[in-house]
**Q** 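I'd like to ask you about the structure that follows.
If you read the sequence from its start, that first residue is 1, and numbering goes on from there. Note that the coordinates shown come from a computational prediction; the quantities given were computed from them, not determined experimentally.
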Amino acid sequence: MNDAAEDEPPSLLWGLDPVFSAYARIYVKDILQMRESRQVPGVYFYKSHPLFQVDVLGTVVYRRERDDFYCYGVDDGTGVISCLCWKDEKWQDHGDSVKAATRGPAGGGFNVEEQLKKLQEAQRSSTMLDIGDLLRVRGCLKTSREQREILASSFYKVNDPVMSVQISWMLEMPQLYRDCYDKPFHIPSSELSASANDNLSGFQSVLCQSVHILKEFLKEKEVTRFRPYDVEYLLHPLIQQPAPSTSAEQELKTVQSMIPAQIRKLLKETLKILQEEGEIFRKVMSQDEVYNVTEHDKDLLAAICHIIREDCKREKYAEKGCHVLHILSSVRQRYSHNLSREALDVALKFLECNSDIISTADAHYTAL
């Protein structure tokens, strides 16, 4: 998933998505590609669904053993992921005191100690796998050294001689994707808490201030074009930073680590509003995110004036002038395919105020 994916819903509302509290049965290739949350590290997004724990079934393709854990490489047919599986302390021999407590009757019969050893051995064998064994593992996702892995909370070897478990699993997975994972997470309006509404209201207030600050800056400095990082510093005062507190030092660090993400989100929404209002536009859609300021783009204004002046010489437009849609089509062909109708309206209004053009009829313009 990339930045073009759906925006994250507020973390306060993640619990409304049933996927969040479940062990998601999801393909390994999707686990490896999921983007990590910008709000809470350790939570990942498949499309619009937040999740942090998964359920995987696959074949062991590599195995490493340490004193406290096994590391199994699990291949489900779509990719391979490392699974960190801790050894169980119950395997350890607890000494003679345990043997005495579990020893059966002196005369024979049911031997508790022997049965307990058999049970422990069965548990041990179910969690000691070799390459080629089928493993089912549940656990939380984590990213270590830029590698995605599963920190197992439970795992066991699956005995599947006729592949009935694997076939059933393969049939269920596409159904889960169709019925759940691939459907967007919609937040029920009736479930929005008062605190969520308060947060939304507070963000809208800050957003209005952000839009005003950026508009004033672009106007005052007569900026012709800019990149987001050129103006990001203007929004820093709008994000409240908590005062230092020795009793809540860890909490302070957590909040402060979220501030850059809040600023980026605020800037993204601010630029979106300015684009919708036509105040700015992107002449070229590329990885280099450059925004042109409509009223200060001299090349755009000159192109519009030239189009109106030349086309008004034609008999078709001589009387009423050029219609705004004709101007928009011509500018897109000659200057920028990405120019919006809103940006054109801002440019036309600016040119008319400067007496470069005049409106002759509804949505028609001619040159002076």
Side-chain angles (χ1 to χ4, degrees), residues 1 19-36 42-47 49 51-94 113-182:
M1 302 297 293
V19 176
F20 181 67
S21 57
Y23 285 95
R25 293 189 185 184
I26 196 166
Y27 294 124
V28 168
K29 69 177 181 65
D30 291 326
I31 295 175
L32 298 175
Q33 294 173 0
M34 288 190 303
R35 59 189 173 91
E36 189 169 9
V43 176
Y44 300 83
F45 276 85
Y46 176 77
K47 296 191 174 179
H49 296 283
L51 56 93
F52 65 98
Q53 48 193 11
V54 294
D55 189 351
V56 171
L57 177 73
T59 303
V60 176
V61 294
Y62 64 80
R63 174 182 183 270
R64 293 194 295 269
E65 183 178 359
R66 298 292 185 267
D67 292 338
D68 298 326
F69 64 88
Y70 295 102
C71 181
Y72 296 116
V74 179
D75 184 352
D76 73 340
T78 67
V80 179
I81 190 169
S82 296
C83 301
L84 192 65
C85 303
W86 295 99
K87 295 181 179 179
D88 198 324
E89 294 181 356
K90 291 185 294 185
W91 296 346
Q92 300 176 358
D93 187 2
H94 294 286
E113 180 181 347
E114 181 180 349
Q115 296 301 319
L116 179 59
K117 285 185 177 180
K118 288 182 179 180
L119 178 59
Q120 289 178 332
E121 183 59 32
Q123 287 181 305
R124 189 196 307 267
S125 62
S126 70
T127 53
M128 294 178 61
L129 292 90
D130 292 318
I131 293 176
D133 288 338
L134 188 64
L135 172 67
R136 182 172 181 181
V137 57
R138 285 183 167 188
C140 297
L141 291 174
K142 62 174 290 191
T143 302
S144 177
R145 298 177 182 175
E146 298 183 355
Q147 296 293 322
R148 195 71 48 83
E149 59 186 30
I150 300 174
L151 187 61
S153 56
S154 65
F155 66 100
Y156 60 91
K157 177 181 177 181
V158 178
N159 294 317
D160 191 26
V162 295
M163 300 185 69
S164 59
V165 175
Q166 296 177 72
I167 292 172
S168 175
W169 187 280
M170 292 168 62
L171 292 174
E172 289 177 3
M173 291 288 281
Q175 188 70 29
L176 283 171
Y177 272 79
R178 285 193 299 269
D179 294 345
C180 186
Y181 305 141
D182 288 337

**Q** Between Phe52 and Gly42, what is the shortest heavy-atom contact and its length?
**A** CB-O, 3.5 Å
**Q** Show the numbers, then the answer: is there a salt bridge (charged side-chain N to carboxylate O under 4.0 Å, His left out) between Lys87 and Asp68?
**A** CA-CA 6 Å; Lys87 295 181 179 179; Asp68 298 326; over 6 Å; no
**Q** Evaluate the side-chain proximity of Ile26 to Tyr177: yes if any heavy-atom separation is below 4.5 Å, no if none is.
**A** yes
**Q** When you compare the side chain of Val158 with that of Tyr156, does any pair of heavy atoms fall below 4.5 Å?
**A** yes
**Q** Can you confirm whether Arg138 sits close enough to Gln53 that some side-chain heavy atom of one is under 4.5 Å from a side-chain heavy atom of the other?
**A** no
**Q** Enter the distance from Asp130:CG to Arg63:CZ here, rounded to the nearest 0.5 Å.
**A**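 Taking CG in Asp130 and CZ in Arg63, the distance rounds to 5.5 Å.
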**Q** About how many Å separate CD of Gln166 and OG1 of Thr59, when rounded to the nearest 0.5 Å?
**A**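 Answer rounded to 0.5 Å: 5.5 Å.
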**Q** Hey, could you give me the CZ/CD distance between Phe45 and Glu36, rounded to the nearest 0.5 Å?
**A**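 Between atom CZ of Phe45 and atom CD of Glu36 there are 10.5 Å.
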**Q** Please check: side-chain N/O of Thr78 versus main-chain N/O of Lys29, any donor-acceptor pairing under 3.5 Å?
**A** yes
**Q** Tell me, do Tyr44 and Ile31 make a side-chain contact under 4.5 Å, heavy atoms counted?
**A**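 A side-chain contact is absent here, since even the closest heavy-atom pair is not under 4.5 Å.
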**Q** Does Phe155 reach the side chain of Ile150, with side-chain heavy atoms less than 4.5 Å apart?
**A** no
**Q** Which pairs pass salt bridge (charged side-chain N to carboxylate O under 4.0 Å, His left out) with one or both residues in residues 70-83, sequence neighbours excluded?
**A** none
**Q** To the nearest 0.5 Å, tell me how far Leu134 CG sits from Lys157 NZ.
**A**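 The CG atom of Leu134 sits 9.5 Å away from the NZ atom of Lys157.
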**Q** Less than 4.5 Å apart, side chain to side chain, heavy atoms only: is that true for Arg66 and Cys71?
**A**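 The answer is no; the side chains never approach within 4.5 Å.
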**Q** List the atom of Tyr23, the atom of Gly139, and the distance in Å for their closest heavy-atom pair.
**A** CE2-N, 3.7 Å
**Q** Measure the spacing between CG of Leu129 and SG of Cys85 and express it to the nearest 0.5 Å.
**A** 8.0 Å
**Q** Would you call Met34 and Leu51 a side-chain contact if the rule is heavy atoms closer than 4.5 Å?
**A**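 Yes - at least one pair of side-chain heavy atoms lies under 4.5 Å apart.
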**Q** OG/Ser154 to CG/Asp55 distance, rounded to the nearest 0.5 angstrom?
**A** 7.5 Å
**Q** Go through Phe20 and His49 one step at a time and tell me if the side-chain contact (heavy atoms from CB on, under 4.5 Å) criterion holds.
**A** CA-CA 7 Å; Phe20 181 67; His49 296 283; over 6 Å; no
**Q** Where do Tyr181 and Asp30 land on the side chain to side chain donor-acceptor pair (under 3.5 Å) test, with the steps shown first?
**A** CA-CA 11 Å; Tyr181 305 141; Asp30 291 326; over 6 Å; no
**Q** What pair of heavy atoms forms the shortest contact from Val74 to Cys83, and how long is it?
**A**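 The answer is CG2-SG, 3.5 Å.
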**Q** What's the shortest heavy-atom distance between Val137 and Ala152, and which atoms?
**A** CG2-CB, 3.5 Å
**Q** Do Glu113 and Leu116 have side chains that approach each other closer than 4.5 Å (heavy atoms only, starting at C-beta)?
**A** no
